[in-house]
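Remarks on the structure that follows.
From a predicted model like this one, the values you see are computed outputs, not experimental measurements.
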Amino acid sequence: MAHFPNNPGFTGAMRPLRLQGDILDLELEGEMPSEIDGAFHRVHPDTQFTPREENDQFFNGDGMVSMFRVRNGKVDFKQRYAQTDKWKLENAAGKSLFGAYRNHLTDDPSVKGQIRGTANTNVMVHAGKLFAMKEDSPALLMDPNTLETFGYTDFDGKLESKTFCAHPKIDPATGNMCAFSYMSKGPLTLDMSYMEIDSDGKLLFEIPFRNKYLCMMHDFGVTEDYAVFNVMPCITNMERLERNMPYFGFDHSMPVWLGVLPRKEGATEADMRWFQAPGNCFTGHAMNAFNNGTKIHYDLAIAAKNSFPFFPDVTGAPFDPVGGMSYLTRWTVDLSSNADGFESVEKLTEQADEFPRIDDRYATRAYRHGWMLVFDVSKPYDGPGGAFMAITNSLCHKDHATGAEKTWWAGSQCALQEPCFIPRHADAPEGDGYIVALIDNHVTNYTDLAFFDAQRVHEGPIARAKLPIRIRQGLHGNWSTGDQLSKTKDH
């Protein structure tokens, strides 16, 4: 008999869904632009069975992949579990076998040594496959159209790393997938690597290096010439696992670093430059990175204090919700400098924000347009679970050329999930297109997939595809074109 934990990660608006199925021709409100042809894939953690640990957390759920196929003014919906090795073993047993988040010491002995990955953090179409990713395990490959699971990949045995990041970037100039790994040689190792996979899915090269210290490495930046790695002290160690503490804890006494590695085959760890940030901070998701000669500009969400209450301060200090608010910030370093400090730190907005996105055709290069979710604490919230449940209550368009910001509030019952940009057509100017984002109504318990004019988000959705269910809070997702979907490859 299923009994889920009575904590905020499993109750109210965060109650597990565990629903696989298809809905053809979703009800539409407004008019869907007929030129949109493609799919929005996204993923959320959604545990298949009740967890073994009473205090388990949301991030430990099995990956549930959603696909919204848009064409001819219609939207079809499909949702399937990413059938990882973990999912298959537990499905056969009819119960949870793997324990606490990233803690193998809490697993059932029958699954010792098995890959614990959940593929629950991000999904992206590349080389005819859907990559489902969680940074503690290899990339899982799926069919972008049917959502059938193929299995984990090591790129024909060529990839040495045992893990694959959740935030790869596609270089629009080369078509390469740029990715990294951490804890590459196994749990609690300092080993990392940077890698590129070509448009046919072949590994081109892998550059191993070691991190400054053992910590979470969630996102990174890629310029035309460099890969940049933000290192913050959201740390872990064996003692935390042995005591069954939250896997990560934040240490405000430790330095923050930016590592810069040349993006070229033959580069080595000796080519890495490390720059120390002016002070301790929490580094969130990246909007974009670009270089102008030897100068590296990296735009990402930065908070003065820890942003993750579920990975508490190592000292036991209470979570500071104000200090934990992040703001889009530009870090600049200069490789021609002999100093190991930053050239500048520029706060780019006064609105607390996260989940930044761009027109991905401008990844790795100087860009103008960005979008992000805003935490507008001045707005009311009438849903369950307290105001924290609607913290991502607004969508913002940021024009870096003028500094202008245009914002739309989702309403007192709602929260938004991560947005994604869709070009109006392949040759459209930067930022000309649409933004797609899920809007969760925590009172009616329904979710809409909303479409906005990308540079007029403040006017609200131009169309909503309405689901008769509420999709659980997700993490990340990406858009793929109809042409990409037609080039799907088999196993």
Side-chain angles (χ1 to χ4, degrees), residues 22-44 65-79 123-125 144 355-362 369-374 392-399 405-411 413-441 444 446-471 473-485:
D22 302 75
I23 305 175
L24 298 178
D25 197 8
L26 292 175
E27 177 188 358
L28 285 179
E29 178 183 290
E31 186 172 346
M32 183 68 62
S34 59
E35 67 265 27
I36 299 180
D37 178 17
F40 176 51
H41 292 93
R42 45 80 68 194
V43 65
H44 68 262
V65 180
S66 313
M67 178 181 72
F68 295 86
R69 181 66 170 100
V70 186
R71 56 186 159 186
N72 301 323
K74 298 168 59 177
V75 183
D76 296 332
F77 172 75
K78 183 185 296 290
Q79 187 159 271
V123 281
M124 175 184 290
V125 174
F355 295 103
R357 297 301 299 259
I358 61 168
D359 179 339
D360 289 317
R361 298 172 302 164
Y362 285 77
H369 298 284
W371 295 265
M372 53 199 181
L373 298 186
V374 167
T392 54
N393 61 7
S394 300
L395 174 64
C396 177
H397 167 234
K398 172 75 177 181
D399 186 333
E405 295 176 354
K406 296 178 180 179
T407 303
W408 176 78
W409 175 50
Q413 299 179 353
C414 298
L416 291 122
Q417 300 193 30
E418 182 191 48
C420 184
F421 176 81
I422 304 171
R424 193 175 304 275
H425 53 80
D427 299 320
E430 182 196 354
D432 181 18
Y434 307 96
I435 290 293
V436 62
L438 290 171
I439 302 174
D440 301 319
N441 189 306
T444 65
Y446 295 145
T447 293
D448 294 346
L449 183 69
F451 294 78
F452 301 79
D453 185 305
Q455 294 185 44
R456 305 178 71 86
V457 299
H458 59 291
E459 296 180 357
I462 57 177
R464 292 178 182 243
K466 305 177 76 65
L467 285 163
I469 57 172
R470 174 191 51 79
I471 295 187
Q473 174 67 44
L475 298 175
H476 304 287
N478 291 281
W479 177 260
S480 55
T481 65
D483 184 57
Q484 284 178 287
L485 297 171

Mind listing the closest non-hydrogen atom pair of Asp440 and Gln417 along with its distance? OD2-NE2, 2.8 Å
Check Val457 against Cys396 and note the closest heavy-atom contact, atom names and distance. CG2-C, 4.3 Å
Under the ring pair (Phe, Tyr, Trp, His ring centres under 6.0 Å) test against Phe421, which residue among Tyr434, Phe40, Trp371 passes? Trp371
Side chain His369, main chain Asp359, donor-acceptor under 3.5 Å: no
Gln455 and His458: which non-hydrogen atoms are nearest, and at how many Å? O-CE1, 4.2 Å
Between the main-chain N or O of Thr444 and the side-chain N or O of Gln413, is there a donor-acceptor pair closer than 3.5 Å? no
Within-4.5 Å side-chain heavy-atom neighbours: Asp37 and Arg69: yes
Pair Arg456-Lys406, side-chain contact (heavy atoms from CB on, under 4.5 Å): steps then yes or no: CA-CA 7 Å; Arg456 305 178 71 86; Lys406 296 178 180 179; 5.6 Å; no
Pick one: which of Asn393, Leu438, Val374, Leu373 meets side-chain contact (heavy atoms from CB on, under 4.5 Å) with Leu416? Leu373
Tested for side-chain contact (heavy atoms from CB on, under 4.5 Å) against Arg464, the lone hit among Glu29, Glu27, Met32 is Glu29
Please work out which of the three classes, parallel, tilted or perpendicular, describes the rings of Phe77 and Phe68, given edges at 30° and 60°. tilted
Decide if atom CG of Asp25 counts as having more than 12 heavy atoms of other residues, nucleotides or ligands within a radius under 6.0 Å. yes
So, taking the atom named CD1 in Ile435 and the one named SG in Cys420, what distance separates them when rounded to the nearest 0.5 Å? 7.5 Å
For a side-chain contact (heavy atoms from CB on, under 4.5 Å) check, start with the C-alpha distance between Asp483 and Leu485, then their side-chain angles and the critical distance, and finish with the verdict. CA-CA 5 Å; Asp483 184 57; Leu485 297 171; over 6 Å; no
Could you pull out all donor-acceptor pairs under 3.5 Å where a side-chain atom in residues 475-482 meets a protein atom, sequence neighbours excluded?
| unit_1 | atom_1 | unit_2 | atom_2 | d |
| --- | --- | --- | --- | --- |
| His476 | ND1 | Glu418 | OE1 | 3.4 |
| His476 | ND1 | Glu418 | OE2 | 2.9 |
| His476 | NE2 | His167 | NE2 | 3.1 |
| His476 | NE2 | His285 | NE2 | 3.1 |
| Asn478 | OD1 | Arg357 | NH2 | 2.9 |
| Asn478 | ND2 | Asn122 | OD1 | 3.2 |
| Asn478 | ND2 | Val123 | O | 2.8 |
| Thr481 | OG1 | Gln484 | N | 3.1 |

With a sphere of 6.0 Å drawn around CZ of Arg71, does it hold more than 12 non-hydrogen atoms of other residues, nucleotides or ligands? no
For Met67 and Ala39, work out which heavy atoms get closest and say how close. CG-CB, 4.0 Å
Does some side-chain heavy atom of Glu459 sit less than 4.5 Å from a side-chain heavy atom of Asp453? no
Given the options Asp76, Val75, Leu467, Ile23 meets side-chain contact (heavy atoms from CB on, under 4.5 Å) only with Leu467
So which atom in Arg42 and which in Gln473 form the shortest heavy-atom distance, rounded to 0.1 Å? NH2-C, 4.1 Å
Between Asp448 and Arg470, does any NZ, NE, NH1 or NH2 come within less than 4.0 Å of an OD or OE carboxylate oxygen? no
Begin with the C-alpha distance, continue with both residues' side-chain angles, and end with the deciding distance and a verdict on side-chain contact (heavy atoms from CB on, under 4.5 Å) for Arg424 and Glu35. CA-CA 7 Å; Arg424 193 175 304 275; Glu35 67 265 27; 3.9 Å; yes
Just how far is it from atom CG of Leu26 to atom NZ of Lys74, taken to the nearest 0.5 Å? 10.5 Å
Smallest separation among heavy atoms of Ile462 and Pro33, with atom names: CD1-CG, 3.8 Å
